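Written out below as structure tokens is the structure these notes cover.
Note that ligands are numbered from 1 as they come in the structure, with each ligand's atoms numbered from 1 the same way. On a predicted model such as this, the values are computed, not experimentally measured, just so you know.
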Amino acid sequence: MRSCEVQILGAGAIGSVFGYFLLKSGCDVVFVARGRRYEELRRGLKIEGLVDFFEEVEVSDRPVKSWLTIVAVKSYDTAEAVRGIGKLTDIAMSIQNGIGNEDIIAKEVDRVMGATTNYAANLRDGTVVYAGEGETWIGNWKNCEREVEEVAEIFRRGGMNVRVTERIREMKWRKAAINAVINPLTAITGVRNGEILRNELWNAAELVCDECELVLKNMGIDVNLRQEVKTVVKKTANNRSSMLQDIERGKRTEIDAITGKILEEARKAGIEARVNEALYWIVRALECKMKNSDVRQY
Ligand code: PAF
């Protein structure tokens, strides 16, 4: 195998967990981050929860030359983060939530992979809390048929549970639908994922599931969303969803790349998705309410 030089673009909670598995696999990993996260990583990568890990790591505040780039920035930052990286990297793989990131990356990089993951992690005072072991699916997006298995094997060697799929576009939509259920409900009510099953929230979750399922079915994607959401919620019960973490930190959320995309598809198909629409606007209203935030300009 060629020398495994990887950079993690956006080394937040989940990007850092991927970086951890790559380090375990023996790769040379550069963690690319800015601001406070950059300073934290300069003191070392610390992970608690399902593993107890501390190691000094290579950090950069800008993209570097690498064989593989893992893109883990927030969806609304993708275009800016990957601008010009085609000259620096052979392959880029998005592990981001939401729809549209791979197509943005594919404008810059010749070989692109998509991935979905339900590994769960939070950042607490510079420490990554690795809260849930899940499953990661990797697939070719553009010109990567041959490399997909190689990349999957690298992660497996590091101990990550990775599977290869030929239907990554479908997997991305299934994951987006799961996020469209879990993320807004937890962000609005301020609860951990597990609470979705335990209290009245499940009644609301079922309504969101049914609308999203209809939208996906119309796209030819057959899914039992109530069942899939239950499975992910159980596996990540202790996690604070990424959207809840964004709201708690006064940051913009990924509602546009998640619920926003479900709504776009619903509109195209003439499907009413009123519950999703309400959740979309409530999350946008929460973003507006944040005073100390870096949220979008209205
Ligand atoms: O966005 C998230 O938080 C995650 O995708 C997931 C799987 C819902 C776990 O919290």
Side-chain angles (χ1 to χ4, degrees), residues 10-18 21 47 49-50 70-78 93-102 114-124 128-138 160-163 168 170-198 201-202 204-205 208-209 212 216 223 225-249 251-262 276 279-280 283 286-287:
I14 201 70
S16 297
V17 169
F18 271 68
F21 284 113
I47 307 184
L50 297 186
I70 306 291
V71 183
V73 297
K74 294 288 179 188
S75 305
Y76 47 81
D77 281 334
T78 304
M93 179 171 98
S94 164
I95 60 166
Q96 300 156 283
N97 277 340
I99 300 296
N101 295 300
E102 289 80 1
T116 68
T117 187
N118 50 34
Y119 273 77
N122 306 299
L123 259 183
R124 195 176 55 210
V128 177
V129 182
Y130 170 18
E133 194 181 0
E135 205 172 47
T136 298
W137 289 83
I138 297 182
M160 190 181 235
N161 187 12
V162 172
R163 293 166 78 170
I168 192 63
E170 175 183 327
M171 298 293 291
K172 279 277 177 182
W173 273 103
R174 288 162 81 128
K175 174 75 192 307
I178 292 168
N179 283 127
V181 182
I182 298 175
N183 294 26
L185 290 176
T186 50
I188 292 164
T189 56
V191 298
R192 289 176 196 267
N193 293 357
E195 291 295 312
I196 289 188
L197 295 183
R198 275 204 286 272
L201 264 186
W202 183 247
V208 193
C209 281
C212 291
L216 261 60
V223 58
L225 202 53
R226 290 185 186 195
Q227 200 45 54
E228 293 207 6
V229 166
K230 271 188 185 160
T231 306
V232 173
V233 164
K234 280 181 192 155
K235 277 193 179 145
T236 63
N238 212 19
N239 199 43
R240 305 176 90 76
S241 76
S242 53
M243 197 170 281
L244 171 58
Q245 294 181 57
D246 290 338
I247 291 292
E248 287 175 337
R249 289 206 200 98
K251 287 181 66 177
R252 180 177 170 183
T253 73
E254 294 183 295
I255 194 74
D256 289 291
I258 298 172
T259 308
K261 294 292 177 185
I262 298 279
N276 276 282
L279 292 178
Y280 175 84
V283 172
L286 280 176
E287 288 180 345

**OP:** May I ask whether Lys175 places a heavy atom under 4.0 Å from ligand 1?
**Re:** yes
Search all heavy atoms of [X] against all heavy atoms of [Y] and return the closest pair with its distance.
X	Y	answer
Gln245	Leu123	OE1-N, 3.7 Å
Ile14	Ala120	CD1-N, 4.4 Å
Gly98	Lys172	O-CD, 4.2 Å

**OP:** List the closest protein heavy-atom neighbour of atom 6 (C) of ligand 1: residue, atom name, distance to the nearest 0.1 Å.
**Re:** Asn179 ND2, 4.1 Å
**OP:** Please write down residue, atom name and distance for the protein heavy atom closest to atom 3 (O) of ligand 1.
**Re:** Ser242 N, 2.8 Å
**OP:** For Asn183, take its heavy atoms, then give the atoms of ligand 1 lying under 4.0 Å from any of them.
**Re:** 1 (O), 2 (C), 8 (C)
Original post:
For ligand 1, which atoms sit closer than 4.0 Å to a heavy atom of Ser241?
Top reply: 3 (O), 10 (O)
Between [X] and ligand 1, does any nitrogen or oxygen pair lie at a separation below 3.5 Å?
X	result
Asn118	no
Tyr119	no
Asn193	yes
Asn239	yes

Original post:
Between Asn118 and Lys235, is any side-chain donor less than 3.5 angstrom from a side-chain acceptor?
Top reply: no
Subject >> Tyr119 side chain to Asn161 side chain, donor-acceptor N/O pair below 3.5 angstrom >> reply: no
Original post:
For ligand 1, does Ile178 get within less than 4.0 Å through its side chain, its backbone, both, or neither, judged by non-hydrogen atoms?
Top reply: neither
Original post:
Hey, is the main chain of Met243 close enough, under 3.5 Å, to the side chain of Glu254 for a donor-acceptor pair?
Top reply: no
Original post:
Per the side chain to side chain contact (heavy atoms under 4.5 Å, CB included) rule, which among Ile182, Asn179, Asn239 passes with Val232?
Top reply: Ile182
